[in-house]
Amino acid sequence: MADNEIDYNIVFPDAETSEVHWRGTKEPVVILLGWGGCKDKHLSKYSSIYNEQGCVTIRYTAPLKTVFISESFGYKELRGIALKLLEILYDYEVENSPIFFHVFSNGGFMLYRYIAELLHNDRQFSSLCVIGAVVDSSPGSGNVLGALRALTATLGPRISPVLKYVLLALFAVTVFLLRVVLYPLTKYIHKNHYDAVCEMPPSWPHFFMYSRADQVIRHRDIKLFVETLQLKGVPVDSHDFVSSAHVSHLRDFPEQYTHKCRNFLIACMRDVDGTDIKKKHRVQAK
């Protein structure tokens, strides 16, 4: 469904399916954060992994301008969206359920960064219990060529070639200047998503799925990110699909991908008990 402020979809499981899988415990709420330009019909394929497991799912993809323009210029427009997404939990009275994230590409991870910051800094969300996050094809850092490939795929064939190349040129110059050349200075004003989460990572478990064949996000960026979180004591696991393209692991390996997502969710749910709940949403200090 959609409201007047942000366009999202929420799906509740039927009571029988929920009972079969969670046996009287509160079913998890899975928040899926789509990649830049992701259509809801594509994101719904991923949410069905969790709907069939008896979970509540919330699907949302940030507008292109917030991902490719606002973040590039340091405008924190995504922070306001992150706030609205967390408020949805209270609107539907599922704030006491375990919360689980499934994040796609840098477009989803940029939004996830602000959600994690709000969970750490905003007292109104102190009661939320986050149990884990799957991160698909992300995060990447300082890869201008990859960002151009992502924007090219997002713009698609419908836009005129002249306008497309003008937009790509402007984007490339902006990103290269602000996020590469001047970043040693601009990071004191606005850190990128990669560095911000590296410095203050959420403490809940993460599972990173990536591929060395990805032409948008460098697999070495993800591997370095995983190693950094491990050094900070964050429970982390990862899987390299080797041959699949960017955010195409489900398409190429449907059974394996689904199995890994569900197994990770179940493992995270096992960790939830009365004494552990409060710890799940915390963000690590430096």
Heavy-atom pair of closest approach, residues T25 and M269: OG1-CE, 4.5 Å
Heavy-atom side-chain proximity of Y92 to V56 below 4.5 angstrom: no
Side chain S44, main chain K41, donor-acceptor under 3.5 Å: yes
Contacts of R220 meeting salt bridge (Lys or Arg N to Asp or Glu O under 4.0 Å) (sequence neighbours excluded), chain-then-number -> none
Answer whether the closest heavy-atom distance between the side chains of N106 and V67 falls below 4.5 Å. no
Assert yes or no for the condition that the ring centre distance of F109 to F225 is strictly below 6.0 Å. yes
Check whether S48 reaches the backbone of K45 with its side chain - one donor and one acceptor, N or O, closer than 3.5 Å. yes
State which residues pass side chain to side chain donor-acceptor pair (under 3.5 Å) with D40; sequence neighbours excluded, sorted by chain then number. N9, R59
Minimum heavy-atom distance H21-E52, with the two atoms named: NE2-O, 3.2 Å
Rounded distance (nearest 0.5 Å) linking atom OG of S18 with atom CZ of R23: 11.5 Å
Looking only at atom types and distance, does a side-chain atom of H206 sit under 3.5 Å from a main-chain N or O of W204, one as donor and one as acceptor? yes
Would you sort out whether L224 and Y194 count as a side chain to side chain contact (heavy atoms under 4.5 Å, CB included), showing the intermediate values? CA-CA 11 Å; L224 179 60; Y194 191 97; 3.8 Å; yes
Correct closest heavy-atom pair for L64 and G37 would be CD2-N, 3.3 Å
What's the shortest heavy-atom distance between S141 and D221, and which atoms? N-OD2, 3.1 Å
So with a 6.0 Å cut-off around CZ of R79, is the heavy-atom count from everything else above 12? no
Is any side-chain heavy atom of S97 closer than 4.5 Å to a side-chain heavy atom of E27? no
Taking atom OH of Y60 and atom CD1 of I81, what is their separation to the nearest 0.5 Å? 3.5 Å
Below 4.5 Å, heavy atoms only, C-beta onward: do Y210 and V135 meet side chain to side chain? no
Qualifying residues under side chain to side chain contact (heavy atoms under 4.5 Å, CB included), relative to R251, sequence neighbours excluded: S248
Within-4.5 Å side-chain heavy-atom neighbours: L250 and C261: no
How many angstroms lie between CD1 in I115 and CG in L128, if you round to the nearest 0.5 Å? 10.5 Å
Could you walk me through whether T228 and K232 pass side chain to side chain contact (heavy atoms under 4.5 Å, CB included), step by step? CA-CA 6 Å; T228 301; K232 291 182 178 256; 4.2 Å; yes
State the CG-CG distance between L86 and D91, to the nearest 0.5 angstrom. 11.0 Å
Got a sec, which residues hit side chain to side chain contact (heavy atoms under 4.5 Å, CB included) with V242, two or more places apart in sequence or on another chain? R212, D240
Find out whether I217 and I222 are in side-chain contact, i.e. whether some heavy atom of one side chain is under 4.5 Å from a heavy atom of the other. yes
Report whether V20 and I266 are members of the same hydrophobic cluster (ILVMFWY, side-chain heavy atoms less than 4.5 Å apart, transitive linking). no
Can you list everything that forms a side chain to side chain donor-acceptor pair (under 3.5 Å) with T17? Sequence neighbours excluded, please. D14
Taking all heavy atoms of A62 and all of L78, pick out the closest pair and write down the distance. CB-CD2, 3.7 Å
About how many Å separate OG of S243 and CG of D214, when rounded to the nearest 0.5 Å? 11.5 Å
Set of ring pair (Phe, Tyr, Trp, His ring centres under 6.0 Å) partners for F207, sequence neighbours left out: F264
Could E117 and R113 be called an ion pair, given the rule that one side-chain N must be under 4.0 Å from one carboxylate O? yes
Passes side chain to side chain contact (heavy atoms under 4.5 Å, CB included), K223 versus H219? Steps please. CA-CA 6 Å; K223 292 177 71 175; H219 72 280; 3.8 Å; yes
Checking side chain to side chain donor-acceptor pair (under 3.5 Å) for the pair S137/H249: CA distance, chi angles, key distance, verdict? CA-CA 9 Å; S137 304; H249 316 315; 3.1 Å; yes
For N51, enumerate each residue passing the side chain to side chain contact (heavy atoms under 4.5 Å, CB included) test, keeping only those at least two apart in sequence or located in another chain. V11, S47, T57
Pairs flagged by salt bridge (Lys or Arg N to Asp or Glu O under 4.0 Å) wherever residues 94-109 is involved - sequence neighbours left out: none
Hits for side chain to side chain donor-acceptor pair (under 3.5 Å) against T61, two or more places apart or cross-chain, chain-then-number order -> none
For E77, side chain to side chain contact (heavy atoms under 4.5 Å, CB included) partners two or more places apart: K65, T66, S70
For F101, check ring pair (Phe, Tyr, Trp, His ring centres under 6.0 Å) against everything at least two apart and list the hits. Y112
Look up atom CZ in F104 and atom OG in S138, then write down how far apart they are to the nearest 0.5 Å. 11.0 Å
Verdict with supporting geometry, L85 and L33, side chain to side chain contact (heavy atoms under 4.5 Å, CB included): CA-CA 10 Å; L85 274 175; L33 305 176; 3.9 Å; yes
Would you name the heavy atoms of L118 and F125 that are closest together and state the gap between them? O-CD1, 4.1 Å
If we ignore hydrogens and angles and just use 3.5 Å, is the side chain of H193 paired with the main-chain N or O of G140 as donor and acceptor? yes
Are side-chain N/O atoms of Y257 and D136 paired as donor and acceptor at under 3.5 Å? yes
Going by ring pair (Phe, Tyr, Trp, His ring centres under 6.0 Å), name the residues that satisfy it together with F253, two or more places apart in sequence or in a different chain. F241
